[in-house]
Amino acid sequence: MATDASVNGLSGHTITASGFLNTLGVDTHIPYTDGGYANLANDAADLAYLGITNVRDGISNGANGSAPLSSFITLAKQGIKFTFVIAGGGAVTTASLRAQLALIDQVNEAVPGSVVAVEGANEINNFPITFNGVGGEQGALNLQSALYSAVHSDPNLSGVAVDYFTGYGAGSDATGPNPTTTAGLADYDTQHPYPNGGQAPEKWVTPTQALGNESAATGFGPAVFTETGYTTNGGTSGGVNADVQAKYTLDLLLDDAANGISRTYLYQLMDAYKPGSPQGDDGYGLFDPSNAPKEAATAIHDLVSVLADPGAAAASFTPTPLAYSVTGLPATGNSVALEKSNGAYDIAVWNEPRIWNEALGTEITAASTPVTVQLGRTYGTVEIFDPLVSATAISTLTDASSVKISVTDHPLIIQVANPTGIKSGPIPAPVVPAPASVTVGSGPDTIGLEIAEDAYLGNARFTISIDGKQVGGTQTAQASHAAGQSQDFRVEGRFGAGQHTVTVDFLNDLYAGTSSTDRNLYVTGASFDGAAQPGAQLSLYSDGTQSFKVVSSTTYSEGAAGGTVTTLGRDTVDIGTGSVTIHADGPSTKVVGGAGAMKFIASSGNDLILAGSGASTVTGGSGTLSFTAAKDAAASITAGSGREVFDLVQGQAGGTLAISGFKSGTDSIHLQGYAGTGLQSEVSYAGGTLITLTDHTRIALAGLSASSSHTVFG
């Protein structure tokens, strides 16, 4: 039976940190070119942010508009390792199977070792197949047998594992044979254990529950879960909110490692289609339709950052069991120790209470349970991490032999090491200081870049340009990306307010066939005049340029004189006692109202207005405009082509809100803190409807009939 030694060593409760990280995988849909997956740079950036290199997908080569084979080869060159699933329903023949394997061959030939497994038919209960005309479970078994024989007789796929088909034992499909005791079918048993009804994962991902064709009596063989996860389409039909998705996802990944599951592929990398799109949005993505990381993605990023082991022996050393103990942990809790190659340990402790009310579609606050972890010896440094908060320690102890923590509903990580003085235990590797910062150019504005590299036969070299103009000469990176370091490069100049394009040109890529013989360049973060810039990450795996945008952040404090302000960045305008006119030309503008009158003209940005006691006159644009009314203040709003959201808070309103151009189904009025419906009366007038609330707030909707006004409240 073919095995992957780096993941099959996960027996017992002390495992290697590197081995655990190698159990992490994610499903993608690279062949789909009509949504978010078509942006290959985003796909690579998202995977790099997660710190996950194991990907499960189908394979394509441009047929019917699908992605070309070069997309997979590009990702493979960036260190991605693929499990390719063979069939997703329909008719499969010996010829079509060979054609798919020929494409898989090409990927593995282009980047040897980039294909780790080939999987049989996908969910035969949901996507029935036939193989050479034979359907049902027998067709799936026939295909599985042919796949196993073809892969293991192909010299181009030497060492590539064969995963079993999925969907057996569901619906009318029989459980089927156990591949660990039936020769010629698979190297790894496989299933898709999705937790039902917003329940905690442990029940659903145990081998006893998930692998129905095996039994505890005969022992469970090597297995992978090639799909599992939670959707954030919360409510009462299986979905949860983003917070619960994050907590349960961390629990699930550690459950699987503790249960000896060789690899877990989370479904899926991103929500590739916006809500309401014809393709639908299933909400399982770790990144939302705008490609922003959800809480689950951030939590995985933090967990991977804490557990990362850059040591040369990280993937090859044998872990030494840690003699620790945990007291006070509920029956729904668990723990596992992960050793790093420098001798440090990370002890993960977690609990899995029910934190989602399926009937109400709401999150349940978990109780905090005091837990004591006895470390078995005294350690010079003990750090506690909460991946749901950050990748930085939330607490640090010195000369400690035990730790008291409060466990709720997600893992805490206790890291034990001795960087300042040995009490007992292993000696960690020396800490290599980050290289000194570099400043280029001169001027009042500063764009800061955090740069790292994979060095190979020399350092990575690059240039930096702002808005197409190079600043400074050729630069040299010196910070190790594998060690989690970054080097600060300060680019100074007179850039001015608004949006600017930062371009990095990688000059000396070098690749010798393996991940350890590969020179790469990374931008891990950026700032503009001290303000952090979201989405400012680049991974340059070959020579050439990549760019991102930075936007200024300015606060305008207007006093009694008033005047005119044009915003160009992510700006804030504080209204004083004078009259102020605001032209909102930047990506976002926030207005904090005052006693002075305010005139606001929106453009394409997403803007927020917190009205003051002065009168407000607002013209909407093509972005989203959020307007919060002030107590007893008058406001006149002309809706734009974008979305308008009006917030009225009981006790903080009471004035008159005149709205023209209100778009039913797009714009909405939110009532907060009102008893009952909050409506006192609704009267038609010439050309519109006047709504009066119980706190005497009046809303005049020009051009909207009373019969349609019930659609305004969201």
Gap separating the OG1 atom of Thr23 from the CZ atom of Arg263, nearest 0.5 angstrom:
8.0 Å
Looking at CG of Asn156 and CD of Glu109, how far apart are the two atoms once the value is rounded to the nearest 0.5 Å?
4.0 Å
Step by step, would you call Asn520 with His481 a side-chain contact (heavy atoms from CB on, under 4.5 Å)?
CA-CA 9 Å; Asn520 300 308; His481 185 255; over 6 Å; no
Rounded to the nearest 0.5 Å, what's the gap from CZ on Phe20 to CD on Glu339? Could you check?
16.0 Å
Parallel, tilted or perpendicular, as decided by the 30° and 60° cut-offs, for the rings of Tyr49 and Phe287
perpendicular
Given side chains that start at C-beta, do those of Thr16 and Pro319 come closer than 4.5 Å, heavy atoms only?
yes
Backbone N/O of His301 and side chain of Ser305: donor-acceptor pair under 3.5 Å
yes
Hey, does Asp251 have a side-chain heavy atom less than 4.5 Å from the side chain of Glu202?
no
Is the closest side-chain donor-acceptor distance between Gln268 and Tyr37 under 3.5 Å?
yes
Any donor-acceptor N/O pair, Asp189 side chain to Ala223 backbone, under 3.5 Å
no
Donor-acceptor contact below 3.5 Å, side chain Glu214 vs main chain Asn178
no
Heavy-atom donor-acceptor pair, Lys77 side chain to Tyr541 backbone, under 3.5 Å
no
Quick one, Gln191 and Tyr168 - any side-chain contact, counting heavy atoms below 4.5 Å?
yes
Report yes if the side chains of Pro195 and Tyr248 come closer than 4.5 Å at any heavy-atom pair, otherwise no.
no
From CA spacing to verdict: side-chain contact (heavy atoms from CB on, under 4.5 Å), Ile86, Ile104:
CA-CA 10 Å; Ile86 285 296; Ile104 294 171; 4.2 Å; yes
With ring centroids as reference points, do Tyr345 and Tyr324 lie under 6.0 angstrom apart?
no
Taking the side chain as C-beta and beyond, is there a heavy-atom pair between Val306 and Pro387 under 4.5 Å?
no
How close do Ala140 and Ile124 get, counting heavy atoms only, and between which atoms?
CB-CG2, 3.9 Å
Answer yes or no: is there a donor N or O on one side and an acceptor on the other, between the side chain of Asn54 and the main chain of Asn22, under 3.5 Å?
yes
Looking only at non-hydrogen atoms, find the nearest pair between Asp173 and Gly167 and report the distance.
CB-O, 3.9 Å
Donor-acceptor pair, side chain of Thr166 and main chain of Glu123, under 3.5 angstrom
yes
Heavy-atom closest contact (Ile52 atom, Gly25 atom, distance):
CG2-CA, 3.8 Å
Do the ring planes of Tyr148 and His152 sit parallel (below 30°), tilted (30 to 60°) or perpendicular (above 60°)?
perpendicular
Would you say the side-chain atoms of Ser341 and Asp309 include a donor-acceptor pair closer than 3.5 Å?
yes
Locate the shortest heavy-atom distance separating Ala296 from Leu286; write the atom from each residue and the value.
CB-CD2, 3.9 Å
Side-chain contact test, heavy atoms from C-beta onward, threshold under 4.5 Å: evaluate it for Val205 versus Phe225 and give yes or no.
yes
Go through the side-chain N and O atoms of Asp255 and Asn334 and say whether any donor and acceptor fall under 3.5 Å apart.
no
Derivation and outcome, side-chain contact (heavy atoms from CB on, under 4.5 Å), residues Ile80 and Val111
CA-CA 10 Å; Ile80 300 304; Val111 185; over 6 Å; no
Minimum side-chain heavy-atom gap Ile30-Asp43 below 4.5 Å
yes
Aromatic rings Tyr267 and Tyr194: how do their planes relate, parallel, tilted or perpendicular, breaks at 30° and 60°?
perpendicular
When you measure from the side chain of Thr228 to the backbone N and O of Pro193, does any donor-acceptor pair fall under 3.5 Å?
yes
Please check if the side chain of Thr190 supplies one atom and the backbone of Tyr164 the other of a donor-acceptor pair under 3.5 Å.
yes
Output the distance between atom OG (Ser539) and atom CG (Leu521), rounded to the nearest 0.5 Å.
9.0 Å
Does CG belonging to Asn196 count more than 12 external heavy atoms closer than 6.0 Å?
yes
Minimum-distance pair of heavy atoms, taken over all atoms of Ala76 and Val107
CB-CG1, 4.4 Å
Given side-chain contact (heavy atoms from CB on, under 4.5 Å), test Leu147 with Val118 step by step and report yes or no.
CA-CA 8 Å; Leu147 175 66; Val118 183; 3.7 Å; yes
Any side-chain heavy-atom pair from Asp509 and Asp518 closer than 4.5 angstrom?
yes
Nearest 0.5 Å, please: how far is CG in Asp288 from NZ in Lys274?
10.5 Å
Given the side-chain rings of Tyr32 and Tyr273, with only the six-membered ring counted for Trp, is the space between their centroids under 6.0 Å?
no
Decide, yes or no, whether a salt bridge links Lys203 with Glu352 under the criterion of side-chain N to carboxylate O below 4.0 Å.
no
Asn122 side chain to Ala87 main-chain N or O, any donor-acceptor pair under 3.5 Å?
no
Nearest-0.5 Å distance, CG of residue Leu75 to CD1 of residue Ile73
10.5 Å
For Thr130 versus Gly135, what's the shortest heavy-atom pair and its separation?
CG2-CA, 3.9 Å
Gln144 (side chain) donor-acceptor with Asp163 (main chain) under 3.5 angstrom
yes
Assess the pair Tyr265 and His192: is the distance between their ring centroids shorter than 6.0 Å?
no
With Thr264 as partner, the option from Asp256, Thr249, Thr226 fulfilling side-chain hydrogen bond (donor to acceptor under 3.5 Å, both in side chains) is Asp256
Can you see whether Thr231 engages Asp282 through a side-chain donor-acceptor pair at a distance of less than 3.5 angstrom?
no
